[in-house]
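Dropping the structure in here first, questions after.
Throughout, protein chains are lettered first and strands after them, A, B, ... in sequence-line order, and every chain is numbered starting at 1. Every value quoted in this text rests on a predicted model; they were computed, and no experiment measured them.
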Amino acid sequence: MPEHTATSRLRLFGLCFFLQILNILLFAVFVRYSPESSPGLCPSRLNCSRRNPDSGFQQPRFQGVHIQVLLSLGLLVAFLSRYGPGSAATSILITAFAIQWALLIQGIFHFFLNGKIYVGAQSMVSADFCTAAVLISTGAVLGRVNPVQLLLLALLEVTMCSLNEYILLSLMGVRDSGGSLTIHTFGAYFGLVVSRLLYQPHKDKKKREEQQDMGQQGDVFAVAGTVFLWIFWPSFTSTTTFHDNAENWAVLNTYFSLVASTVATFILSPVLYEESTPRMVQIQDATLAGMAVMGMAGEMLVTPFGALIAGFLVGLISPLGFRFFTPVLHSRLKIQDTCGVHNIHGLPGILGALLGTLLTLLATADTYGDRLELLFPLVAQGSWSVTYQALMQLCALLLTLLLAALGGCITGCILKTKMLRGSPDAQSVENTVLCEVAEEECEPRASSKELGTSTLV
Amino acid sequence: MPEHTATSRLRLFGLCFFLQILNILLFAVFVRYSPESSPGLCPSRLNCSRRNPDSGFQQPRFQGVHIQVLLSLGLLVAFLSRYGPGSAATSILITAFAIQWALLIQGIFHFFLNGKIYVGAQSMVSADFCTAAVLISTGAVLGRVNPVQLLLLALLEVTMCSLNEYILLSLMGVRDSGGSLTIHTFGAYFGLVVSRLLYQPHKDKKKREEQQDMGQQGDVFAVAGTVFLWIFWPSFTSTTTFHDNAENWAVLNTYFSLVASTVATFILSPVLYEESTPRMVQIQDATLAGMAVMGMAGEMLVTPFGALIAGFLVGLISPLGFRFFTPVLHSRLKIQDTCGVHNIHGLPGILGALLGTLLTLLATADTYGDRLELLFPLVAQGSWSVTYQALMQLCALLLTLLLAALGGCITGCILKTKMLRGSPDAQSVENTVLCEVAEEECEPRASSKELGTSTLV
Amino acid sequence: MPEHTATSRLRLFGLCFFLQILNILLFAVFVRYSPESSPGLCPSRLNCSRRNPDSGFQQPRFQGVHIQVLLSLGLLVAFLSRYGPGSAATSILITAFAIQWALLIQGIFHFFLNGKIYVGAQSMVSADFCTAAVLISTGAVLGRVNPVQLLLLALLEVTMCSLNEYILLSLMGVRDSGGSLTIHTFGAYFGLVVSRLLYQPHKDKKKREEQQDMGQQGDVFAVAGTVFLWIFWPSFTSTTTFHDNAENWAVLNTYFSLVASTVATFILSPVLYEESTPRMVQIQDATLAGMAVMGMAGEMLVTPFGALIAGFLVGLISPLGFRFFTPVLHSRLKIQDTCGVHNIHGLPGILGALLGTLLTLLATADTYGDRLELLFPLVAQGSWSVTYQALMQLCALLLTLLLAALGGCITGCILKTKMLRGSPDAQSVENTVLCEVAEEECEPRASSKELGTSTLV
């Protein structure tokens, strides 16, 4: 084993070193700061507000962007309640690498001109969206992969995710400001397919049960994650919406959705499990699901009760998924879903996309007013009918699922075949052992242990 | 017991379900997004900057509001150091419900037009203020009520709190931007009266002692809560003040107050308790008290040293209250104050209101300049004298105390008589047991255990 | 011992009381709110946008300042992973006192007019920068000083730090917006010199080993600290840069630097220690180092890959410093560096200053455009050559080291001679004991214990 560990350590060392040097070289050759971010440097030959049809996208709100470049961190905090601090180190490595890589790949798609990639605050936000998708996928496979595999997964997923985003937003003219499709759906199904390909029948079972219940410390993280999400996420979903006033709807709709989703968890918890109040991790899941469903529809909903209903339904569906669907996934489809990303991100993302499609179909100049121009410029200009736009939104869902499955397949095969399969992260094993110790002290929480296992078998 | 628990679970299930469906229906019938939040949709018949005398109130700063809609979360984090993560779930349920309900009730008072409630970012902020008052009241009764009772308490308190706020701010023309009266004083005395009516002599004593000392984990939460409050609260108190520049004073005064209050805690702690440095929970209490006292006076104070003195005094009074007044409350008045809200919110709120009254009396056009128009429009217009305005501020204090006591009485009676008294939250009991285990490991902290009990008997 | 503790308690009581009353009196006599923060109150005799050559500095962005007045809190959170919540109380006392004192001292240097100090949001930010330097110094001596000594250290360091900042920024015209010199270098070397003078060979050894490894709880704090720094720090470094667009570079450069620094830690960790992934505390150190190096250079770097390289190098140097330089510091120079501030703040600060000097030397109107006017107004006006400006930046480094050493000497001597040496903070000892208990439970983490000691001997 120590021999083995030494090899795995050296492999991680080598890969990190290689990738970081590669990033530095690519940045040195290609990446420059956007002249837009420095007044008076914008040469006339470079039209400083070009490319995207929606001009607002080109004027990132510089002030707010400080805080908003942390979507992925929000997820990271949220996931800690399941992963534990041992795996936090790996997650941060993934984040640090994926942000650089996403800047490069997305830059090629969106900000490429005269052989240079011009980055600015907007690029950081886009890169962060992509990193969030990677972290979601990580949630499906964590505990069964080592850091080297995770780095390769990040490398491949960022590429696929950027491609998907480029096709959807730039080529197809789809609106998905909060990433119901590009982040949540793509990340979840990509991760699930990778998880399927890495399936190991005997080895993982015991470990996963331990991993999924961190006892009291998990609760502390879950509280922190929930509060963090309540505070910051509504801003994220509105990052890429544009005018100061229009933005409001996305923020408020997201709030309404997460509030209703939280109450829904309290309704189902006493029925599904033998507990009077749900555990904090479940509340956090409800928060995430309530936000995922508002990703696309957030800026389109014109009535608050729509957001309440959507959040309420998704708050019911997500725990039901954990109770009834995750075991089926595991036993029939042989997909292990460590953190339940299918229920938290996959299903709510799909529902959000369907809701967005429905709302697009109902969009009229009457209800939207000036907003129509901003949301669906092609519809407002008369080039497209709302039906066509809605069809596009629907196609985008199917395309996202297709690309996620395809990308997951490729990634899973590479991770499997390339002799990369070492023992998973030594530290996460340690961590698991710690959890066991911690749990034995916490006899009164036995019910939570049962809960942990009941969702699996 | 399992029979009993099953009933209590079903009751919670039923109540949550009923209330959420009710909310959705009421939202569907009454609530629409404010046309103000969507330019070009404001019909001419709806004057888009109407109602409140202070016009600034109608122009919520949309950008900043993302972060500011979390006053109640700040409190939630702060309270975790005493409640523990077990009760966090219940607190989040209360928050999620109270926000929706407050939007409805406050909407009826403030944003009602042509049979519809028009909500926007401003409504979210107001609803959050109200939710904060509910969480403060929760602090007085926690550990002795079950989630069903807490939901009913939230239902009733939000109604009373909105009524109080409407009378004070809209009818009486009182200035209370940071909620010294409407949040802190109202929440604290409402909770104390409910606590009095739910008094149970034998049963609670032991449990409370355990509840009030969470050992090491409580410290972790207290550190998080304190940092959170230092970062975000000064922004809250200035949410409802208006012009970008005027806002400054409220922020800076709040900073000065909390800084002085923190130092004061270090002065009293070695004298009152046999410890060289205070525990983190006490520092957090000082932070909260220092902020409560600046609720009304924050925007009125024209000199920094005034804020320092106010914070310093309240930082001395709050620990003295814990040491000498809380035991009296308990033994003589039979009021159990689980988290000491009387010392943290009640007294500082009253002192803040008195200070605000004094400052109103001293307000002149010389010292305030353009600000007078913004702070006291009726005084600036010459309709009212400063004496009359000060009298109003003072009457507002008395009215708040009256309404809080009345509301608390009604709520307490309902919670008591309606056969709602089940066993308190099963999870919080579990949590208590966990604390005991944790404490036995921590023998060196025995002094803190003594501290916990010495404040009680 | 109890006798002794009582004396130490009374001494803390007396000093806190005296200092707070002194602060209140000085504030009452000298400090007023800046008329700039209240429109219409600015008398004609007081030129409301005066003093500093860079006019932008005089227009603090009031909106963003709420969040940015927490630089010191960021450090505080970061340090908790090493100090533990027991010492958090003392750190908060230091912060509360240092902010007030810094407002006074810096006010005398920067905002003094007609016998009054005019404070505003900008003063709070400056005071917070100064407090950050104090907290860095605290990191070098913590565990070996009592709260009384720390208060005196804060008193003296704030004075020296403000003097240094005044000479650098106002007299010498040096650019150091993120505080590579004024915060990181000054704070680190001041603390190290004090640590040298307080050296006690026998007593401290055992305690420090325990102090430096907090086991699992430390990890929780390190995760929180890292996330906090990733979110908020990039905004800090750009607080004192000016135009909305120019600001971008500092933010983005800081992001790039910390991302590369984080990856670098993952490269070195498997080589230096026998672990596959670094511990969270090491990642947090990398984050801090990556930010310290961008303090001065952040707003000057015109290419993203420069920030990547700088971050990457400093991410390699910082762990190497911990592994090889800290033991030398301890054994040869008899400097105990409790939290390794030399590696996290000292070295990166110096490297950042050298990088800034180099970049100044390379500054041309071509690459900077309008920015040159903002960054180096004297160069843009033609009064100075870039060589002269670069020389100034270099002199500023030497002067900072000199003043830090001088100030540290004076402070160390006073702390040593004045019969202030009591037993260190009783609570931190308690805390240490708690850690020991916690560690014995965590046998699987034995490797981390080894790590803790291996960095020492």
- Would you call the rings of Tyr33(C) and Phe256(B) parallel, tilted or perpendicular if under 30° counts as parallel and over 60° as perpendicular? tilted
- Query: Is chain C contacted by the side chain of Ile283(B), its backbone, both, or neither, given a heavy-atom distance below 4.5 Å?
  - Reply: side chain
- Query: Taking Ala260(B), Ser261(B), Gly306(B), Ala264(B) one by one, which has the highest count of heavy-atom pairs under 4.5 Å against chain C?
  - Reply: Ala260(B)
- Message: Pair Leu308(B), Gln20(C) - check side-chain contact (heavy atoms from CB on, under 4.5 Å), show working.
- Response: CA-CA 9 Å; Leu308(B) 280 183; Gln20(C) 187 57 40; 4.2 Å; yes
- Item | Working for side-chain contact (heavy atoms from CB on, under 4.5 Å), residues Thr90(C) and Leu150(C) | CA-CA 8 Å; Thr90(C) 315; Leu150(C) 278 178; 3.5 Å; yes
- Leu25(C) versus chain B, heavy atoms under 4.5 Å apart: side chain, backbone, both or neither? neither
- Message: Can you tell me which of Val29(C), Val31(C), Leu15(C) forms the most heavy-atom pairs within a distance under 4.5 Å of chain B?
- Response: Val31(C)
- From Leu135(C) atom CG to Ile94(C) atom CD1, the distance as rounded to the nearest 0.5 Å: 8.0 Å
- Item | Closest heavy-atom pair and its distance - Leu103(C), Ile117(C) | O-CG2, 4.4 Å
- Query: Which region of Thr303(B), side chain (C-beta onward) or backbone (N, CA, C, O), has a non-hydrogen atom less than 4.5 Å from a non-hydrogen atom of chain C, or is it both or neither?
  - Reply: both
